[in-house]
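The next block holds one structure in the form of structure tokens; read it before the comments.
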Amino acid sequence: KILGESFNHDSNYGSRATPSSTVQSIERAIAMKSRIKITYTDINEKVTYREITPSHFTKEHGIAYLVAFCHLRNEKRTFRLSRLMLR
């Protein structure tokens, strides 16, 4: 795997922790295999508007990422969760 172990909300934060509304919306999209629209800010602070089909969460060095098919780039991409906003 590119980013190591898959991210699981319960095992990473505990079953009593409540996921954010963004994470909940993404989890629903993963379960339904549906597209979502996001605003993404890359490491150079460039903002892009994308439509993605999320696959799963993952984590590396304590940072959460979302793996998804990006319809703008027409390929699988990894998005840092803290740089992603739902539109």
Side-chain angles (χ1 to χ4, degrees):
K1 288 184 181 180
I2 295 171
L3 296 171
E5 276 187 49
S6 290
F7 178 83
N8 176 285
H9 181 269
D10 289 347
S11 65
N12 281 277
Y13 296 116
S15 59
R16 300 188 80 174
T18 304
S20 70
S21 60
T22 297
V23 169
Q24 289 176 343
S25 295
I26 293 169
E27 286 174 336
R28 280 192 298 274
I30 291 169
M32 297 171 60
K33 299 181 182 357
S34 61
R35 293 183 182 198
I36 57 174
K37 292 180 180 182
I38 64 166
T39 301
Y40 189 71
T41 306
D42 71 13
I43 195 165
N44 298 313
E45 298 186 11
K46 181 181 177 193
V47 176
T48 55
Y49 302 96
R50 300 170 185 240
E51 192 166 326
I52 63 172
T53 302
S55 170
H56 61 279
F57 294 102
T58 190
K59 188 168 136 181
E60 182 178 314
H61 305 295
I63 299 170
Y65 295 90
L66 174 65
V67 179
F69 182 83
C70 176
H71 297 277
L72 175 67
R73 303 289 186 229
N74 203 32
E75 64 185 9
K76 187 188 283 189
R77 291 287 176 107
T78 302
F79 301 94
R80 186 171 175 160
L81 208 51
S82 63
R83 295 190 188 129
L84 177 154
M85 285 182 17
L86 297 179
R87 294 194 290 137

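- For the side-chain contact (heavy atoms from CB on, under 4.5 Å) test, residues two or more places apart in sequence or in another chain that qualify with Arg80 are Tyr40, Ile63, Tyr65, Ser82, Arg83.
- Nearest heavy-atom pair, Arg87 versus Ile38, reported as atom, atom and distance to 0.1 Å: NE-O, 3.1 Å.
- A distance of 6.5 Å separates OG in Ser21 from CD in Gln24, rounded to the nearest 0.5 Å.
- Put simply, the side chain of Ile36 reaches to within 4.5 Å of the side chain of Pro54, judged on heavy atoms.
- Phe57 has its side chain within reach of Ile30: a pair of non-hydrogen atoms, C-beta onward, lies under 4.5 Å apart.
- With values rounded to the nearest 0.5 angstrom, Ser34 atom OG is found 11.0 Å from Ile26 atom CD1.
- Residues satisfying the side-chain contact (heavy atoms from CB on, under 4.5 Å) criterion with Lys33, sequence neighbours excluded, are absent altogether.
- In this structure, NZ in Lys76 is found 8.0 Å from OG1 in Thr78, a value given to the nearest 0.5 Å.
- Note: the hydrophobic cluster containing Leu86 also contains Ile52 (ILVMFWY, side chain heavy atoms under 4.5 Å, direct or indirect links).
- Taking the side chain as every heavy atom from C-beta outward, Thr48 and Thr41 never approach each other to under 4.5 Å.
- In terms of hydrophobic clustering, with Ile, Leu, Val, Met, Phe, Trp and Tyr side chains grouped at heavy-atom distances under 4.5 Å, Leu81 and Phe79 are assigned to a common cluster.
- The structure places CG of Leu72 at 10.0 Å from CD of Glu51, a figure rounded to the nearest 0.5 Å.
- The shortest side-chain heavy-atom distance between Glu75 and Arg77 falls under the 4.5 Å cut-off.
- Of the N and O atoms on the side chains of His71 and Arg50, not one donor lies less than 3.5 Å from an acceptor on the other residue.
- When atom types are taken as modelled, the side chain of Asp42 and the backbone of Asn44 share a donor-acceptor pair closer than 3.5 angstrom.
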Can you list the steps and then say if Asn74 with Phe69 is a side chain to side chain contact (heavy atoms under 4.5 Å, CB included)? CA-CA 7 Å; Asn74 203 32; Phe69 182 83; 3.2 Å; yes

